[in-house]
Student: 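Sharing a structure here in structure tokens format.
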Amino acid sequence: MSFRLLLDEIRKGLDALVANPDVEFSVVPAARPEFGDASSNVAFLLAGVLKKSPREIATTISARYNAEKRSGGLVSYSKPHPSGYVNFFADWDSLSGVILDGARLETAGSVNMGDGTIITVEHTSVNPNKALHIGHIRNIVIGDTISRILRKAGYRVNVLNYVDDSGLQVADIIVGFWHLGFGMEPPPGKKFAQYCGDDVYVNTVKRYESDGSLEGIRKETLQEIEDAGSETARFADVITRRVLADQLETCWNLSVYYDCLNFESQIIHSGLWGAVFEKLKDAEVIELRTGGRNKGCWVIPGGDDIGAAGRGRRKNNDGSGGDNVDCSGNDNSDNNNSNSNNSDDGSGNDDASGNDDDNDDNNNDKVLVRSNGTATYIAKDIPYAAWKLGLLDDPFSYVAYSDREQPGTGVLWQTTLKHDGAKTISFAGTRVITVVDYRQSGLQKIVAGLMRRFRFGLHDGDDSGDDNGDGDDSGDGDGGGDGDGGGSNDYSGSNDYSGSNDYSGSNDGGNDGGNDGGNDGGVNSGVEGGGNNNNDTDSNNNNDDAYIHLGYESVTLSPETAAALGMDTEGRQAHMSGRRGIYVDADSVYEILRKKTTSETQKRHPDMKKQKVESISHALSVGAIRYEMIRQDLDKIITFDLTRSLSLEGDTASYIQYAGARASRILEKAKRQLPSHIDYRLLTEPSERNLIRLIGSFDTYVHDAVTNLSPKVAARYCHDLAVGFNIFYEKNRVLGLEDHNLEDARLYLVSMFRLTIERALGLIGIEAPATM
RNA sequence: GGACUCGUAGCACAGUCCGGAUAGUGCGGGCGGCUUCGGACCGCCAGGUCGAGGGAUCGAAGCCCUCCGAGUCCUCCA
């Protein structure tokens, strides 16, 4: 039970009063305490219709609401505000009990939006030739947090990590090992992955510049990797597995876990590409150019939108993959003019798709298969995407990657092409979320467009890239079988909400609740940053995108931190670059934090056992990193600064954890069981009620986080809840009160806070230690 | 040349999807608070033409248009 019940009750009451389905009023938590507990803008909306002032209408509505209110509800009374708002004051004697009784339940904060729908989330996907840096960590933490949130919302989630064990970057370190004399063992104290990235990779790349002969070796090496039987391929397997193991160790340390590892080499050898290629041809999604600059290539014909595609293959979340600019704004001039010559060909943009067959200027084509018959790297993403959606026969079997049991996900599987004794499992999802940074939006858009055609057939030649173009989605229903179409209330299945109220904030509360086309069926696809100026009509159709690119901005280094790495950026932020060695290693960030939190903890607990200190400082360090990575919006660049970003005060995880520790301390000192009957009516202080309201808002935040695929929302909830507790703590004593009933009630409140903050932090993968 | 994203206090960000009540929070600056459950905390003060201009609206930080600034993407490279 939650605060939501109050809003639902008010909405229902207003619906009956207003009896006008066209007025889409809102009922929201009050902006300030003096406005009561909930507010509605209904009077503003009626003002136009009734030709009266909002204030007048609000007065009438309030009066009638109060007159017709049935007893036994959660609303005490309604009061009009001169501004025109209709405000509502809750009957806290009832509401406190409803919320706090509900908070104890296992299901508190859960919302059944997924109803068992399977969502496959891919994140991490870092080239296995280097250690993880702080930029990768943003991807990883976003992916992991989203997975946790989706589980909380009733989805079944498969988490994947795509390992590009056959790419150019792997070839680069092989060149280093075999031709530049790098030894196989890292110096003492360094992980193999760090050694590969910091030393072998960076220096090999550097040597390319001075030694032209290496370029040929590099190309050869790359080709040999793809030849499964070669010595090079075997060696690649050995080193990438070793690097991967180090990377996974970093992830596990941050409480990030996976269900399955996919290896690119296996995808190549599995025949998946061949199957997809045939399908693409059959569906006439791709064309063979017979003339023009792409003569002899199989291409995805470029319309306007598709033309915006990212280049080539996805870069595996490395950022460092290609010729990225390292220092923003510096040396990219040569990048730009390179394409100035092929820009304006005048071929009308939009519907270019069909009509430029044999023409000379297919500038927006994306080449999938080169004229020499080899596939480009974008081609490798397509079969993987299709596999994730379960659109192809699964060529893989699965074996356990390690014996280690992962919390939350259990066994970590990996694909194998050997079918003896291996298991058959499916990791396909009805929906797929791919976490990759914004720079690859273009490519991801293409992939999403192709997936749509795979699922819905080949008849929509015109809507290739854009979101809502396919007016033809009528027939498909939700071909993928995701249960969002029914227009049923996504809350209905849950044990929290009995009413027929649709959560979406839409206004169908009274009438039928079934006519809004299921648009709030949880995860929606519009997240991709791209301006999804969604539906103009209410039969929205943006939800049928089963393939969702969850993009985010990158992590850059502050000028100071860049300088600490020996780079002069002239006062500007610097992009990280794996190949140039400009990055902040994830493990070392953790190490810095661990030292800091260890000493802080010891300062407070001089006698604490070392092991305990370690576990606390671990929880604090992980919290600091994870929180920093998700606390702001996905489309904001994170400027990482070695001193600023590692703070433990203010809007940080440790602030939140501290609130939890304070609560634990009180409960510990109370040293007793609470009686079975608690008199919630004694909790009358504003700070008490505010805390109760926050505890009861858990599910609202979860719902919000899922619909927007926004980890930030969960982080903010934790923060708001902690603030609420700290204020309560400051203003109210809990222990040693003369009034034992009040003490019991406050203790119970503290204990429900403790439980809720623990669960909320769990949503973002952070522990809540009892002492710190 | 085309496309996407961002622009809110000295700094870093909420709020923008879905328009309404004195635009919030943290850091930094100034002042104050532990004989009382943990000061990784709390309170107070200073600090804002919500990038600029226009439009629709009774009403705009939010919606529409134009511009400015910043970042990113647009290879038969991977």
Side-chain angles (χ1 to χ4, degrees), chain A residues 24 26 31-32 35 39 41 44 47-48 53-54 81-85 87 164 167-169 171 222 293-297 299 304-305 307-313 315 321-323 325 328-329 338-340 342-344 349 363-365 367-372 374 376-377 437-443 504-506 526 529-534 551 553-554 556 573 575 597 600 604 620 631-633 635-637 639 641 644 647-652 654-655 657-659 661-663 665-670 707-708 712 716 719-720 723 726-727 729-731 733-736 750 771-772:
Chain A
E24 302 188 9
S26 65
R32 288 169 216 286
F35 299 152
S39 305
N41 64 348
F44 292 110
S53 73
H81 189 272
S83 63
Y85 273 101
N87 291 331
D164 181 1
L168 189 66
Q169 297 198 21
L222 180 62
R293 58 198 294 262
N294 293 332
K295 182 178 179 185
C297 300
V299 304
D304 182 34
D305 34 23
R311 49 175 172 189
R313 127 206 199 226
K315 286 169 292 186
D323 41 333
V325 191
S328 54
S338 66
N339 33 14
S340 60
N342 59 359
S343 49
D344 46 310
N349 276 342
N363 288 316
N364 290 327
D365 285 350
V367 173
L368 281 191
V369 178
R370 300 183 190 98
S371 51
N372 69 5
T374 58
T376 61
Y377 263 76
D437 75 60
Y438 274 146
R439 288 178 293 190
Q440 296 184 64
S441 296
L443 171 59
S504 66
S506 70
N532 54 318
N533 9 337
N534 284 335
E553 270 292 356
S554 46
T556 63
Q573 307 171 0
H575 277 98
T597 52
E600 291 291 326
R604 291 163 175 79
L620 297 179
R631 60 181 259 263
Q632 56 190 246
D633 211 71
D635 54 22
K636 289 284 202 306
I637 294 172
T639 306
D641 184 276
R644 239 189 12 249
S647 164
L648 301 175
E649 291 169 10
D651 186 5
T652 62
S654 29
Y655 172 90
Q657 290 166 315
Y658 182 65
R662 278 176 147 182
R665 185 71 172 153
I666 292 175
L667 296 171
E668 178 198 322
K669 284 199 146 192
T707 40
N708 296 307
K712 168 191 69 175
R716 291 202 75 77
H719 178 257
D720 292 351
V723 169
N726 276 331
I727 292 172
Y729 181 92
E730 201 69 24
K731 303 206 165 173
R733 224 185 132 72
V734 176
L735 299 177
V750 171
T771 56
M772 59 186 271

Student: Please report the distance separating the C1' of B:A40 from the corresponding atom of B:C27, rounded so that it comes out in whole Å.
Tutor: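 15 Å, rounded to whole Å.
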
Student: Measure from the side chain of A:Gln632, starting at C-beta and using heavy atoms only, and say which of B:C13, B:C41, B:C37 lies closest.
Tutor: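 Between B:C13, B:C41, B:C37, the one nearest the side chain of A:Gln632 would be B:C13.
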
Student: Between B:C42 and B:G28, how many Å separate the two P atoms, rounded to a whole number?
Tutor: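 Their P atoms lie roughly 13 Å apart.
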
Student: Contact class for A:Thr556 vs. all strands (heavy atom < 4.0 Å): base, sugar-phosphate, or nothing?
Tutor: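 Counting heavy atoms under 4.0 Å across all strands, no contact is made by A:Thr556.
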
Student: Should B:A56 form a Watson-Crick or G-U wobble pair with both distances under 3.5 Å, which nucleotide is its partner?
Tutor: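 Base-paired to nothing in any strand shown.
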
Student: Sugar-phosphate means primed atoms, P, OP1 and OP2; the rest is base. With that split, encode nucleotides 55-61 of chain B 5' to 3' as B, S or - using protein heavy atoms under 4.0 Å.
Tutor: -------

Student: Could you tell me whether the side chain of A:Ser26 has a donor or acceptor atom within less than 3.5 Å of a complementary atom in the base of B:C18?
Tutor: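 Answer no: no donor N or O sits under 3.5 Å from an acceptor.
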
Student: Counting side-chain heavy atoms from CB outward, which of B:A14, B:A21, B:G38 is closest to A:Tyr85?
Tutor: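 Looking only at side-chain atoms, A:Tyr85 lies closest to B:A21.
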
Student: In whole Å, measure the gap between the P atoms of B:U66 and B:U5 for me.
Tutor: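 It works out to 14 Å between them.
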
Student: For A:Lys731, report the nucleic acid contact type (base, sugar-phosphate, nothing); a contact means any heavy atom under 4.0 Å.
Tutor: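 No contact.
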
Student: Considering only the C1' atoms, how many Å lie between B:G39 and B:G33, rounded to the nearest integer?
Tutor: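 The answer is 10 Å between these two C1' atoms.
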
Student: Contact class for A:Val734 vs. all strands (heavy atom < 4.0 Å): base, sugar-phosphate, or nothing?
Tutor: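 Base contact.
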
Student: Heavy atoms from C-beta onward define the side chain here; which of B:C41, B:G71, B:A14 lies closest to that of A:His575?
Tutor: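 Between B:C41, B:G71, B:A14, the one nearest the side chain of A:His575 would be B:G71.
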
Student: Rounding to an integer number of angstrom, what distance separates B:G51 and B:A61 when you compare their P atoms?
Tutor: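 My reading of the P atoms in B:G51 and B:A61 gives 10 Å.
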
Student: In the strands shown, is B:C34 matched to any nucleotide by a Watson-Crick or G-U wobble pair with both distances under 3.5 Å, and which?
Tutor: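 In the structure as shown, B:C34 has no Watson-Crick or wobble partner.
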
Student: What orientation do A:His719 and A:Tyr655 show, parallel under 30°, tilted 30 to 60°, or perpendicular over 60°?
Tutor: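 Geometry flag for A:Tyr655 against A:His719: tilted rings.
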
Student: So, is A:Arg665 close to the B:C37 phosphate, meaning a side-chain N or O under 4.0 Å from OP1 or OP2?
Tutor: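 No, no such contact exists.
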
Student: Going by the rule side-chain contact (heavy atoms from CB on, under 4.5 Å), which residues pair with A:Leu667 if we only count those two or more places apart in sequence or in a different chain?
Tutor: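 Partners of A:Leu667 by the side-chain contact (heavy atoms from CB on, under 4.5 Å) criterion, ordered by chain and then number, come out as A:Leu747, A:Val750, A:Ser751, A:Arg754.
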
Student: Partner of B:A40 by Watson-Crick or G-U wobble geometry, both contacts under 3.5 Å, or none?
Tutor: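 Its partner is none (no Watson-Crick or G-U wobble pair with both distances under 3.5 Å).
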
Student: What nucleotide among B:C76, B:A21, B:U5 has an atom nearest to a side-chain atom of A:Glu553?
Tutor: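 Minimum distance to the A:Glu553 side chain belongs to B:U5.
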
Student: Base of B:A40, side chain of A:Thr652 - is there a donor-acceptor contact under 3.5 Å?
Tutor: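 There is none.
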
Student: Using a heavy-atom cut-off of 4.0 Å across all strands, would you classify A:Asn726 as base, sugar-phosphate, or nothing?
Tutor: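 Sugar-phosphate only.
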
Student: Quick check: does any side chain N or O of A:Thr376 sit under 3.5 Å from a backbone N or O of A:Val367, one acting as donor and the other as acceptor?
Tutor: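 Side chain of A:Thr376 to backbone of A:Val367: a pair is present.
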
Student: Heavy atoms under 4.0 Å, any strand shown: does A:Ile637 hit a base, just sugar-phosphate, or nothing?
Tutor: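 Sugar-phosphate contact only - A:Ile637 comes under 4.0 Å of backbone atoms but never of a base.
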
Student: OP1 or OP2 of B:A40 sitting under 4.0 Å from any side-chain N/O of A:Arg662?
Tutor: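 No.
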
Student: Under the side-chain hydrogen bond (donor to acceptor under 3.5 Å, both in side chains) rule, collect the residues that match up with A:Thr374, sequence neighbours excluded.
Tutor: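 Residues passing side-chain hydrogen bond (donor to acceptor under 3.5 Å, both in side chains) with A:Thr374: A:Arg370, A:Asn372.
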
Student: Please give the distance between the P atoms of B:G59 and B:G48 as a whole number of Å.
Tutor: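 These two P atoms come out 27 Å apart once rounded.
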
Student: Does B:A70 have a Watson-Crick or wobble partner in any strand here, with both distances under 3.5 angstrom, and which is it?
Tutor: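 Check on B:A70: paired to B:U5, both distances under 3.5 Å.
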
Student: Does B:C17 have a Watson-Crick or wobble mate here (both distances under 3.5 Å), and if so which one?
Tutor: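 Result: none.
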
Student: According to a strict under-4.0 Å criterion, is A:Lys636 in side-chain N/O contact with OP1 or OP2 of B:A14?
Tutor: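 So the side chain of A:Lys636 is within the cut-off, an N or O lying under 4.0 Å from OP1 or OP2 of B:A14.
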
Student: Using the C1' atom as the point on both nucleotides, what is the distance between B:U8 and B:U49, in whole Å?
Tutor: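 It works out to 12 Å between them.
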
Student: Heavy atoms under 4.0 Å is the rule here; annotate nucleotides 25-33 of chain B 5' to 3' with B where the base is hit, S where only the sugar-phosphate is, and - elsewhere.
Tutor: SSS-----B

Student: Nearest 0.5 Å please: distance from the OG atom of A:Ser83 over to the CG atom of A:Asn41.
Tutor: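 The CG atom of A:Asn41 is 11.0 Å from OG of A:Ser83, to the nearest 0.5 Å.
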
Student: With heavy-atom distances below 4.5 Å as the criterion, would you say the side chains of A:Leu648 and A:Tyr658 are in contact?
Tutor: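 No, every pair of side-chain atoms sits at 4.5 Å or beyond.
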
Student: Considering Watson-Crick and G-U wobble pairs with both distances under 3.5 Å, what does B:U49 pair with?
Tutor: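 The answer is none; no pair meets the criterion.
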
Student: Between CG of A:Leu735 and NZ of A:Lys669, what distance do you get to the nearest 0.5 Å?
Tutor: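 Answer rounded to 0.5 Å: 7.5 Å.
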
Student: Of A:Thr597 and A:Ser371, whose closest RNA chain B nucleotide lies nearer the 5' terminus?
Tutor: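 Looking at RNA chain B, the more 5' nearest nucleotide goes with A:Thr597.
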
Student: Tell me whether A:Tyr658 and B:G38 count as stacked here, given that the ring centres must be under 5.5 Å apart and the planes must differ by less than 30 degrees.
Tutor: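 Stacking is absent between B:G38 and A:Tyr658, given that the ring centres and planes do not meet under 5.5 Å and under 30°.
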
Student: Might you work through the side chain to side chain contact (heavy atoms under 4.5 Å, CB included) test for A:Arg662 and A:Asn726, ending with a clear yes or no?
Tutor: CA-CA 9 Å; A:Arg662 278 176 147 182; A:Asn726 276 331; 2.8 Å; yes

Student: Measuring only between side-chain heavy atoms, which start at C-beta, is A:Thr771 closer than 4.5 Å to A:Arg604?
Tutor: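 No. Closest side-chain heavy atoms not under 4.5 Å.
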
Student: Of all the nucleotides listed (B:U22, B:C6, B:C37), which has the minimum atom distance to the side chain of A:Asp635?
Tutor: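 Minimum distance to the A:Asp635 side chain belongs to B:C6.
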
Student: My understanding is that only residues two or more places apart in sequence, or in another chain, count here; which of them pass salt bridge (charged side-chain N to carboxylate O under 4.0 Å, His left out) with A:Arg644?
Tutor: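 Expected list: none.
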
Student: Base, sugar-phosphate, or nothing for A:Asn87, non-hydrogen atoms under 4.0 angstrom?
Tutor: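 Base contact.
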
Student: Assign each of A:Ala661 and A:Ser83 to its nearest nucleotide of RNA chain B by heavy atoms, then name whichever residue's nucleotide is nearer the 5' end.
Tutor: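 First, find each residue's nearest nucleotide; the 5'-ward one identifies A:Ser83.
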
Student: Look at the side chain of A:Arg604 and the base of B:A40, then say whether one donor and one acceptor between them are separated by less than 3.5 Å.
Tutor: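 In this structure, the two groups form a donor-acceptor pair.
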
Student: Across all strands, who's sitting opposite B:A12 as a Watson-Crick or G-U wobble pair, both distances under 3.5 Å?
Tutor: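 Partner of B:A12: B:U25.
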
Student: Provide, to the nearest angstrom, the distance between the CZ atom belonging to A:Arg32 and the P atom belonging to B:G15.
Tutor: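 Those two atoms, CZ and P, are 18 Å apart.
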
Student: Consider the side chain of A:Tyr729, meaning its heavy atoms from C-beta on, and name the nucleotide among B:G43, B:G39, B:A21 that approaches it most closely.
Tutor: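 Closest nucleotide among those given: B:G39.
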
Student: Sticking with atom C1', work out how far B:G30 lies from B:C67, rounded to a whole angstrom.
Tutor: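 Each nucleotide's C1' atom is 40 Å from the other's.
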
Student: My understanding is that only residues two or more places apart in sequence, or in another chain, count here; which of them pass side-chain contact (heavy atoms from CB on, under 4.5 Å) with A:Ala661?
Tutor: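 Per chain and number, A:Ala661 pairs via side-chain contact (heavy atoms from CB on, under 4.5 Å) with A:Met772.
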
Student: Rounding to a whole Å, what distance do you find between A:Tyr655:OH and B:C41:P?
Tutor: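 A:Tyr655 atom OH is separated from B:C41 atom P by 7 Å.
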
